[in-house]
Amino acid sequence: MNAPTPDPDCIFCKIVAGEIPATIVHASDDSVAFRDVAPQAPTHVLVIPRSHYENAAALADHEPATLADLFTTARAVAEAEGLAGYRAVFNTGAAAQQTVFHAHLHVIGGRELTWPPG
Ligand code: AMP
């Protein structure tokens, strides 16, 4: 399947296209990682596919290799940030507090994390 076209209303597609600013910390052919604008920890980076899929499940269906790239990138980000450990989270669906419907992996660390999350 061909990659989906960018969604003109999607803020993360605009970051991929360079149309709005973001603090990019890592980029590959398939993904981009940038700092969350409202960080929940000293390190809070979002790793996103360049292609627009509304959530991780849709990404897994259509581009499983890109889904793997997001986790490889998460590890690279964690190493670059010197994290002892990190949490990698996909919120999927509004009921799980997903607010941006372009798949994104939260990479959170740099402080003692609690479990379970709220
Ligand atoms: P979620 O609630 O899982 O959909 O996460 C969306 C995340 O995107 C939130 O943590 C927001 O703070 C973050 N966010 C929204 N807009 C931007 C932006 N322009 N640049 C960086 N992070 C953003």
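Just follow the structure's listing: the first ligand is 1, and inside any ligand the first atom is 1. Residues take their numbers from the sequence shown, with the count starting at 1.
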Residues with a heavy atom under 4.0 Å from ligand 1, by chain and number, are Ile11, Phe12, Ile15, Phe34, Arg35, Asp36, Val37, Ala38, Leu46, Asn91, Gln97, Gln98, Thr99, Val100, His104, His106
In short, side chain to side chain donor-acceptor pair (under 3.5 Å) pairs touching residues 36-46 with sequence neighbours left out are Asp36-His44, Thr43-Glu81, His44-His106
Under a single-linkage definition using a 4.5 Å side-chain heavy-atom cutoff for Ile, Leu, Val, Met, Phe, Trp and Tyr, are Val16 and Ile11 assigned to the same hydrophobic cluster?
yes
Tightest non-hydrogen contact, residues Asp7 and Cys13, listed as N-SG, 3.5 Å
| query | Is the number of heavy atoms from other residues, nucleotides or ligands under 6.0 Å of Arg111 CZ greater than 12? | reply | yes
Here the side chain to side chain donor-acceptor pair (under 3.5 Å) pairs for residues 89-103, sequence neighbours left out, are His52-His102
Ring pair (Phe, Tyr, Trp, His ring centres under 6.0 Å) pairs touching residues 3-28, sequence neighbours excluded, are Phe12-Phe34, Phe12-His104
